[in-house]
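Remarks on the structure that follows.
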Amino acid sequence: MKKFEWLIAAALVIIGLNCLTVSATTMWEYHSINSYLKTFAHLCLWMGLPVLVVGIIYIIFLLKKRNDKK
């Protein structure tokens, strides 16, 4: 992918996280920046954990594949 396509993909992810955070914050009726940032941090944590697990499994898979070729 080109740099511009990565930029568009990253922007869409950020916009999606922002919309999810705003809807979660308004659902709980805490209208402050602290509750927004706390909700955003929780969402990033829960979205990042599966990505981290899949990334670790992918790296392990690549290392095993590289060792099998030797």
Side-chain angles (χ1 to χ4, degrees):
M1 288 176 61
K2 297 179 183 178
K3 289 182 182 179
F4 183 70
E5 293 169 344
W6 281 107
L7 180 67
I8 291 173
L12 289 173
V13 168
I14 290 169
I15 290 169
L17 277 174
N18 188 25
C19 291
L20 188 62
T21 304
V22 167
S23 66
T25 304
T26 57
M27 182 181 73
W28 292 320
E29 298 181 14
Y30 299 120
H31 301 292
S32 69
I33 191 69
N34 288 338
S35 86
Y36 176 83
L37 292 175
K38 185 178 177 182
T39 305
F40 185 75
H42 285 172
L43 287 172
C44 287
L45 174 72
W46 287 109
M47 302 261 314
L49 277 174
V51 171
L52 181 67
V53 169
V54 168
I56 290 172
I57 291 171
Y58 180 70
I59 289 171
I60 291 171
F61 177 73
L62 285 178
L63 290 175
K64 283 186 179 182
K65 191 174 182 181
R66 184 180 300 168
N67 287 338
D68 289 342
K69 286 185 177 181
K70 288 182 178 181

| query | Can you list the other members of the hydrophobic cluster that holds I57, where links are side-chain heavy atoms under 4.5 angstrom apart? | reply | V53
| request: Rounded to the nearest 0.5 Å, what's the gap from SG on C44 to CG on L49? Could you check? | output: 11.0 Å
| query | Tell me the side chain to side chain donor-acceptor pair (under 3.5 Å) pairs involving residues 6-16, sequence neighbours left out? | reply | none
| remark: Value for CZ (F61) from CZ (R66), rounded to nearest 0.5 Å, stands at 12.5 Å
Side chains of residues 7-22: which donor-acceptor pairs under 3.5 Å do they make with residues two or more places apart or in other chains?
| unit_1 | atom_1 | unit_2 | atom_2 | d |
| --- | --- | --- | --- | --- |
| N18 | OD1 | Y36 | OH | 2.5 |
| T21 | OG1 | L17 | O | 2.7 |

| query | Hydrophobic cluster mates of V54, side-chain heavy atoms under 4.5 angstrom, ILVMFWY only, any path? | reply | none
| remark: Using a 4.5 Å side-chain heavy-atom cut-off and chaining through intermediate ILVMFWY residues, the residues clustered with L62 come out as Y58
| query | Which ILVMFWY residues are connected to I59, directly or by a chain of links, through side-chain heavy atoms under 4.5 Å apart? | reply | L63
| message | Run the side-chain contact (heavy atoms from CB on, under 4.5 Å) test against L52 and tell me which residues pass, sequence neighbours left out. | response | I56
